[in-house]
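Worksheet for the structure shown next.
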Amino acid sequence: MKIVSLTEETRKDILEKLLKRSPNQYGSYEAAVREITDRVKEQGDAALFAYTEKFDGAKLTPETIQVTEAEIEEAYREVDPKLLDVIRKALVNIRDYHEKQRQNSWFHSTEKGTLLGQKVTPMARAGVYVPGGKAVYPSSVLMNVVPAKVAGVDEIIMCTPCNREGKVNPAVLVSAREAGADRIYKAGGAQAIAAMAFGTESIPKVDKIVGPGNIYVALAKKAVYGNVSIDSIAGPSEILVLADDTANPRYVAADLLSQAEHDELASAILITTSRKLAEAVDEEVEGFLKVLSRREIIEKSLENFGHILIADSREDAIAAANSIASEHLEIVMENPFEVMTKIRNAGAIFIGEHSCEPLGDYFAGPNHILPTNGTAKFFSPLSVDDFVKKSSIIYYSREALEEIHKAIEQFAACEQLTAHANSIAVRFEKEED
């Protein structure tokens with residue numbers, strides 16, 4: 001990995017490099033994605049099946065696109081019982097964490113005859129997208145379905161690619177059933193996003209689409225936004241480790257590589273106040289590369305987006321971390337909880353040398369669908385809030401309105417909205433006469 005001093009110039013260079021990975025920078029793909037989404041919108045199942053055959057090699061029909069109970073039962077037989085046990089244990093933690101995010105409706109009344117409040121209502125139908133192909137992500141199934149279930153969404157449908165034989169990965173199917181997905185469809189890519197956004201003869205239209213995917217999926221979500229809500233347009237994975245000379249270089253190196261293996265655009269950054277640690281981590285990285293199975297991907301990721309930055313002070317290191325606003329941030333420093341209070345921008349914060357990033361990916365409970373590409377400055381992890389709507393509640397009695405109606409009319413007159421003023425005034429015109 002490249003070891004450089006942390007300066008304003010190096011920080012800006014890294015930020016520019018990271019932002020180039022954003023889906024917003026891949027305009028050359030947008031026309032192809034738009035063609036797919038438009039065709040699915042216009043032709044429904046016909047376009048969906050055609051694209052599935054073209055991209056996944058599977059010939060589907062209205063009778064085979066939905067995963068059957070028999071296929072789910074077969075998946076349970078194929079999944080290692082030990083893995084099923086882990087999935088169920090993780091589910092407990094994920095569910096418990098998200099249940100603490102629930103919000104209730106509230107109302108406040110006064111003796112003057114007013115009632116104000118907020119009504120919290122779950123969405124009617126949510127769509128979850130789960131990637132397939134190069135890797136299998138049953139953990140993403142849990143992280144997307146559980147908050148929707150906890151929120152009280154009426155129906156949760158899931159789309160995920162199948163193989164040429166029309167089979168879906170059994171671990172994905174089992175995770176979907178355990179988490180509470182209601183229907184599962186064998187559809188992937190931009191065509192699946194369009195199907196959930198607009199509805200087809202086989203796949204119903206949803207209110208919101210969540211879940212990660214490749215550049216085509218990300219741009220499809222961007223294209224359909226407005227017809228439905230989406231969680232975010234996620235970019236490649238990223239990790240930033242804040243460490244000092246108290247950190248174990250072997251642990252730090254292992255954690256950096258845990259994200260670099262995702263894909264060639266993944267980012268892994270160490271910011272440290274210790275040159276000795278920086279050099280030791282670099283040495284450990286080289287050692288791990290000799291034995292890790294995804295070496296080629298990791299090497300390309302580190303070559304382009306792997307950095308070790310040496311800061312003059314802890315304050316400079318923290319300021320740089322807040323500027324980068326990483327998806328995953330590990331704090332492996334003296335007094336890590338104190339450091340945590342100074343972090344403003346991060347998707348998920350891992351505190352101490354034993355709170356490694358994969359703990360959050362699979363088991364701890366907080367959601368691993370996180371803001372990327374610096375969007376942690378204004379976005380949050382996927383949560384129960386993503387699956388509810390909030391309606392304002394307003395009630396005024398005649399007596400309460402009479403007390404303040406002149407003030408409202410004056411406000412409306414100031415804005416030259418005479419119909420607004422009239423809407424209030426007509427209720428008291430007899431008194432004015």
Side-chain angles (χ1 to χ4, degrees), residues 1-8 10-22 234-244 246-249 251-263 265-274 277-278 281-282 284-285 298 301-334 336-353 355-361 366 368-381:
M1 296 180 71
K2 298 176 287 288
I3 301 177
V4 298
S5 296
L6 175 61
T7 64
E8 185 64 20
T10 57
R11 184 188 63 81
K12 284 183 177 179
D13 286 346
I14 289 172
L15 283 174
E16 288 179 7
K17 279 187 177 181
L18 295 180
L19 289 174
K20 287 178 182 177
R21 307 171 314 137
S22 167
S237 188
E238 52 198 36
I239 185 171
L240 189 152
V241 179
L242 276 177
D244 57 20
T246 67
N248 183 318
Y251 294 173
V252 172
D255 293 355
L256 291 170
L257 298 182
S258 73
Q259 292 307 289
E261 76 168 344
H262 268 293
D263 64 60
L265 294 175
S267 165
I269 299 172
L270 166 63
I271 303 179
T272 180
T273 51
S274 169
L277 177 73
V281 168
D282 186 45
E284 291 287 353
V285 165
I298 294 172
S301 169
L302 295 181
E303 180 182 350
N304 295 312
F305 305 107
H307 303 277
I308 298 178
L309 304 176
I310 301 176
D312 290 333
S313 66
R314 187 175 77 163
E315 289 67 31
D316 287 347
I318 293 170
N322 279 324
S323 180
I324 293 170
S326 185
E327 177 188 18
H328 306 99
L329 172 66
E330 290 188 3
I331 303 173
V332 195
M333 307 181 91
E334 190 175 3
F337 286 93
E338 178 190 349
V339 175
M340 178 270 293
T341 64
K342 299 179 181 180
I343 298 298
R344 296 180 64 90
N345 306 318
I349 303 172
F350 300 79
I351 302 172
E353 69 176 9
S355 304
C356 52
E357 189 278 336
L359 177 67
D361 271 354
H368 78 200
I369 310 296
L370 303 167
T372 59
N373 279 105
T375 60
K377 291 177 181 176
F378 44 83
F379 279 147
S380 305

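Sequential numbering from 1 along the given sequence is applied to the chain's residues.
Looking only at side-chain heavy atoms (C-beta outward), Ser267 and Ile269 come within less than 4.5 Å of each other. Proximity of Ile343 to Ile331: side-chain heavy atoms (C-beta onward) are separated by under 4.5 Å at one or more points. Within the 4.5 Å cutoff, the side chain of Ile318 has heavy atoms near those of the Arg314 side chain. The shortest distance between side-chain heavy atoms of Gln259 and His328 falls below 4.5 Å. A 4.5 Å side-chain heavy-atom check between Glu334 and Asp244 finds at least one atom pair inside the cut-off. The shortest side-chain heavy-atom distance between Arg11 and Thr7 does not fall under the 4.5 Å cut-off. For the pair Ile14/Leu309, a side-chain contact is recorded, criterion being any heavy-atom separation below 4.5 Å from C-beta on. For the pair Leu329 and Leu242, the minimum side-chain heavy-atom distance is below 4.5 Å.
Atom CG of residue Leu277 and atom CG of residue Leu270 lie 6.0 Å apart, to the nearest 0.5 angstrom. To the nearest 0.5 Å, atom OG of residue Ser5 and atom CG of residue Asp316 are 11.5 Å apart. With rounding to the nearest 0.5 angstrom, the NZ atom of Lys342 is 5.5 Å from the CD atom of Glu315. Of the inter-residue distances, the one linking Leu240 atom CG with His307 atom NE2 reads 10.5 Å to the nearest 0.5 angstrom. Note that CD of Glu284 is 11.5 Å distant from CG of Leu256, once rounded to the nearest 0.5 Å. Atom CZ in Phe337 sits 4.5 Å away from atom CD1 in Ile351 (nearest 0.5 Å).
Ala260 and Leu302 get closest at one heavy-atom pair: CB-CD2, 4.0 Å. Heavy-atom minimum distance, Ser326 versus Ala376: O-CB, 4.3 Å. Residues Pro336 and Gly352 share a closest heavy-atom pair of CB-N, 4.4 Å. Scanning all heavy atoms of the two residues, the minimum distance from Leu15 to Ser323 falls at CD1-OG, 3.3 Å. Between Ile308 and Ala278 the shortest heavy-atom distance is CG2-CB, 3.5 Å.
Asn345 places a side-chain N or O within 3.5 Å of a backbone atom of Asn322 that can act as its donor or acceptor partner. Lys2 contributes a side-chain N or O that, together with a main-chain N or O of Glu303, makes up a donor-acceptor pair within less than 3.5 Å. Remark: side-chain polar atoms of Thr372 are not paired, donor with acceptor, to backbone N or O of Ser237 under 3.5 angstrom. Here the side chain of Asp282 pairs a donor or acceptor atom with the backbone of Met1 at under 3.5 angstrom. When atom types are taken as modelled, the side chain of Ser258 and the backbone of Asp255 share a donor-acceptor pair closer than 3.5 angstrom. Side-chain atoms of Glu330 come within 3.5 Å of backbone atoms of Glu357 as a donor-acceptor pair (strictly under, hydrogens ignored). Under the 3.5 Å distance criterion, the side-chain polar atoms of Glu327 are matched with a main-chain donor or acceptor of Glu238.
Heavy atoms of other residues, nucleotides or ligands lying less than 6.0 angstrom from CZ of Phe378 number more than 12.
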(request) I would like to know whether Val332 and Tyr251 meet side-chain contact (heavy atoms from CB on, under 4.5 Å); could you show each step before the answer? (result) CA-CA 10 Å; Val332 195; Tyr251 294 173; over 6 Å; no
